[in-house]
Amino acid sequence: MTRLALLLCFFMLAGCGPANDGLALQSDYLQRLQRSLDAADVNAFDSRSVSQYRLPARRERIQALPELRIGLLDLVIDARRCPHLQQLISQRNSSLGKQLMPSQRLGYEGDLLRAIDNCLPHLQDDSSLKPALQRLANDKRQQLPAVFWNALNGSPEFEHYLRFADQALPVDAQEDSAALDALQRLAHIGAALPAQLPPSAEQLEPLYFALYASEQGGQLITSLASLRHTLDAGSELLEQRQQSRPLCPLGQATPRGRILQNIFVKFYAGGLQPYLAQVDQRGQQWQAALLQLQGIEGIPTGTREHLLRLAGEQDSLWQDFRTATARHVKAWQTLLNSCGLAPGQAGWNSAGNP
């Protein structure tokens, strides 16, 4: 109940934050570019298009796992020297224990296996319980990758972090390192299974909460999608103008060329480019963590395909963003070079550009 109350409180506080200006910056840049080139109106970014990055249904991501248990009566008789193990099994068999959240079960299984490992040396070799516990421990270790994935796919915190947002990252947003660190830590935990046991539920809880407390996971997805649209649309404007009506047909600066140079300096280099750098920096850490996750043993097919669609090295949202960025830089270079107004050329310096 405490965890639920904290999540609800943070959700309400997040909903009271200031309006996001990331999309406004992109829209303003694209409109200025369109007017300066005397081009037709450009289609605005359709926020509904981001719905293609919706997580698959939870039922497609949760795996059915058989219950592996041992009777409490056997422990009462044979494991009097293992009170912690008895306590854990008793808790699991209680009414509350049978309703563990998937994330709580991951921590519980780690605690249970540690308790079994500590208990085994105290049992007599001729005890019938010893081989039963050993078999239980082996079977549960083999289940750990599936338990890990259920812990992620069944948690509202993980879903919240990977759910696209209505708005993009704000301009000059404070870096949210806690959520990225939590994502990377979870990926490290999953990759180490089953050789290294998962931490306790108490240690896992802050990681899940950091994901839920962050709005920047969903905002980053929307930023990548909107910037891909903005950059590709801007590149199309620049490329088409150069093909149909070159701004500087004689290779020398023209008044229209200097207007575009001003747009480049003030609104691309001075406005959009710093925002691009901010998104790219966050995205690199985000992409690395998602790639590590998708390589972990036992990942459900739906989850793996979704993570690759977001951050894969080919045909993904992330790679589309990087490709659009490179294309836009090249389009500007081509246009400014054709007018002698690119950085390093005489027209750049004579305009008083830094």
Side-chain angles (χ1 to χ4, degrees), residues 7 10-27 30 43-61 152-171 173-176 178-180 182-184 186-187 208-233 275-276 278-291 293-294 299-300 302-313 315-325:
L7 294 177
F10 205 98
F11 181 77
M12 288 188 291
L13 289 173
C16 298
N20 182 295
D21 54 1
L23 293 179
L25 172 70
Q26 298 176 58
S27 177
L30 204 52
N43 292 329
F45 172 67
D46 186 355
S47 59
R48 294 173 298 180
S49 65
V50 193
S51 64
Q52 65 183 292
Y53 302 108
R54 191 186 308 276
L55 274 163
R58 187 179 289 190
R59 64 178 179 275
E60 299 176 16
R61 295 178 285 118
L152 285 187
N153 285 320
S155 70
E157 297 91 343
F158 183 69
E159 292 176 338
H160 170 79
Y161 190 73
L162 289 185
R163 181 179 294 121
F164 59 88
D166 293 334
Q167 301 196 15
L169 277 170
V171 176
Q174 294 294 319
E175 183 173 358
D176 184 11
L180 284 171
L183 190 66
Q184 292 170 341
L186 287 167
Y208 283 101
F209 186 76
L211 295 181
Y212 195 88
S214 173
E215 295 298 320
Q216 292 191 7
Q219 289 174 347
L220 179 62
I221 292 173
T222 300
S223 291
L224 293 173
S226 61
L227 282 168
R228 177 188 59 190
H229 167 85
T230 298
L231 294 169
D232 279 340
Y275 183 67
L276 280 170
Q278 172 188 332
V279 172
D280 188 83
Q281 182 181 12
R282 308 278 177 88
Q284 289 184 46
Q285 301 174 62
W286 173 82
Q287 189 234 10
L290 293 190
L291 281 183
L293 277 173
Q294 68 85 24
I299 181 173
T303 304
R304 182 176 183 276
E305 291 177 349
H306 181 70
L307 296 182
L308 288 176
R309 186 162 58 249
L310 288 177
E313 296 180 339
D315 300 324
S316 67
L317 173 62
W318 171 250
Q319 287 303 326
D320 287 348
F321 160 74
R322 301 297 293 274
T323 300
T325 301

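FYI, side chains are in, hydrogens and waters are out, and symmetry mates aren't considered; it's all heavy atoms of this structure.
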State, with a plain yes or no, whether a side-chain heavy atom of [X] is found less than 4.5 Å away from one of [Y].
X	Y	value
Asn153	Leu55	no
Leu308	Asp315	no
His306	Arg61	no
Phe158	Leu293	yes
His160	Leu211	no
Thr230	Phe45	no

Measure the [atom1]-[atom2] distance between [X] and [Y] for me, rounded to the nearest 0.5 Å.
X	Y	atom1	atom2	value
Asp280	Phe321	CG	CZ	5.0 Å
Thr303	Gln294	OG1	CD	11.5 Å
Arg228	Trp318	CZ	CH2	13.5 Å
Phe164	Gln167	CZ	CD	13.5 Å
Leu231	Thr325	CG	OG1	5.0 Å
Leu25	Ser223	CG	OG	10.5 Å

Exercise. What do the steps show when you test Ile221 against Tyr161 for side-chain contact (heavy atoms from CB on, under 4.5 Å), and what is the final call?
Worked result: CA-CA 10 Å; Ile221 292 173; Tyr161 190 73; over 6 Å; no
Exercise. Given Leu307 and Leu162, is the side-chain contact (heavy atoms from CB on, under 4.5 Å) satisfied, shown in steps?
Worked result: CA-CA 9 Å; Leu307 296 182; Leu162 289 185; 3.8 Å; yes
What is the minimum heavy-atom distance between [X] and [Y], and which atoms define it?
X	Y	result
Arg309	Gln52	NE-O, 3.7 Å
Gly22	Tyr275	CA-OH, 3.7 Å
Leu291	Gly312	CD2-CA, 4.0 Å
Gly283	Leu220	CA-CD2, 4.0 Å
Asp21	Val171	OD1-N, 2.8 Å
Gln174	Gln216	O-NE2, 2.8 Å

Is it true that a side-chain atom of [X] and a backbone atom of [Y] form a donor plus acceptor pair closer than 3.5 Å?
X	Y	answer
Gln184	Ala289	no
Ser27	Leu23	no
Ser214	Ala210	no
His229	Asp46	no

Exercise. Is atom CG of Asp166 surrounded by more than 12 heavy atoms (other residues, nucleotides or ligands) closer than 6.0 Å?
Worked result: no
